[in-house]
Amino acid sequence: MQCIVPWMFTMELKYLVIFAVIDVVFAGKHDIYQGFSVHDVQLRNTADQKILFGMEYQFELDLWEHGMPGQREARVMVSEENRAAFLDALDAEGIEHYVHLTNVPEALEKFDEEQRIWSAGRNNRMIFENFQRYSEINSYIERIAERYPNLVSVVTAGKSFENRDIKYLKISTTNFNDPSKPIYFMNAMIHAREWVTTPVTLYSIYRLVENLRHEDADLRDDVDWIIMPLVNPDGYEYTHTNERLWRKTRSYYPEVNATCYGVDGNRNFDILFNTLGVSANPCAFTYPGHVAFSEPETQYIRDILHEYKDRIQIYMDIHSHGNYVLFGYGDASLTPNAAQLHQVGAAMGAAIDAKKLAKARYYLVGNSASVLYATSGSAQDYGQFVGVPFSYTLELPGYEYSFQVPARYQDQINEETWHGIAASARLAKLYYASRYVPPSPGPSPAAPAPTIAL
Ligand SMILES: [Zn+2]
């Protein structure tokens, strides 16, 4: 007996090693996308766009880009099972399409390889020059708050569904006590696969705290900032470990659905909830959740918006990709200040365009339903709804890479976007002057009652 146990152990180990090798050879990290392909679809008019959107759920499409009739092609990922029927359906409508990627796992592997080279290339990169993991990002946030206690405070909003801390920074030269200053609230990574977004928030922190430049002194002195770099850490980590193209949260409510995980955080807010641009299928990318604010991650944004709604002058929910500055409402109805919303958004887009790469698109600015597509339950709309005068969705560039923009572009995206953030902050601040009512000096002392002679 004595020698059998070690022998069995050795055998088991041998098999384990063999299986592990097989695993490495045959089970690539991105095999879940085996057979998927990506296609560009030419939209001649809004009718074409409607037809394409109508196919989204029928063929389980992942719309990487929604396109703009006559101007921008749509980009769509489709599975092997659905591909032939989908392309036939496009052909039947006379809609032209081209192959963008025939092999999605290979493209993702190429991205990983470039990432490995980039990460190994220099060891003194700043945190916003690469796609750092959750723990690194949180450590940076903590470190900044420790180093600059008179300027920065860190707040833990609460836990994610999988029990990760969700933190944000408050940056203020007056400890958030001066109501004459507007607040600029920005967050990133509601959608997990949009990796270029979080570095932009980290770079903004850097520019406001560690590397304030003379020309930006007004931004730190005259504006208070709330910055939440990682709204959906569960989804973000999952894109690093399991599915690079995961979009949703990672919540699991077996009493609602025992098969699929996650909710589209940007459809989960209590505004027009579950009406437009959503799927009732819990497995779909645009599943809004079984109730509004089912997700702790969206609750934290809601709570910040409510807590500071009298002072938040601008709310920027940062996504990628497509180069858009969008505002509400998602059902195409406009707010009374739509002209101002457009003006501030246009100032932002133009400031970014002035610094953009030659190959990058110009920013498009407008109502999200008119420019892009109808939505419900978005963060942008909820911000507007609770009274933030300038509430936006910002879609950063994807260039030709969509969600897999290589990290070597991150400096460029950070820098150009910062210019847009600065422009929007300054203009929105001007409007705050008409919104903020200084407290009156108080009632003047009562005049002595006249003496009445009887
Ligand atoms: Zn997004």
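Computed from a predicted structure; not experimentally measured. Both counts, for ligands and for their atoms, begin at 1 and track the order of listing. Atoms considered below: every heavy atom in the structure, side chains included; atoms not considered: hydrogens, waters and symmetry mates.
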Is F293 atom CZ crowded by more than 12 heavy atoms from other residues, nucleotides or ligands, each under 6.0 Å away?
yes
With respect to E237, which candidate in R250, R164, R133 satisfies the side-chain hydrogen bond (donor to acceptor under 3.5 Å, both in side chains) definition?
R133
Within less than 2.8 Å of the Zn ion (ligand 1), the count of protein N, O or S atoms comes to 4
Residues at least two apart in sequence or cross-chain that pass salt bridge (charged side-chain N to carboxylate O under 4.0 Å, His left out) with E210, listed by chain then number, are R147
Start with the C-alpha gap between Y168 and F185, add the side-chain angles, then the distance that decides, and say whether ring-ring contact (aromatic ring centres under 6.0 Å, His included) holds.
CA-CA 10 Å; Y168 61 90; F185 174 24; 7.4 Å; no
Parallel, tilted or perpendicular: which fits the ring planes of Y184 and W225, with parallel below 30° and perpendicular above 60°?
parallel
Side chains of E415 and Y203: any donor to acceptor distance under 3.5 Å?
yes
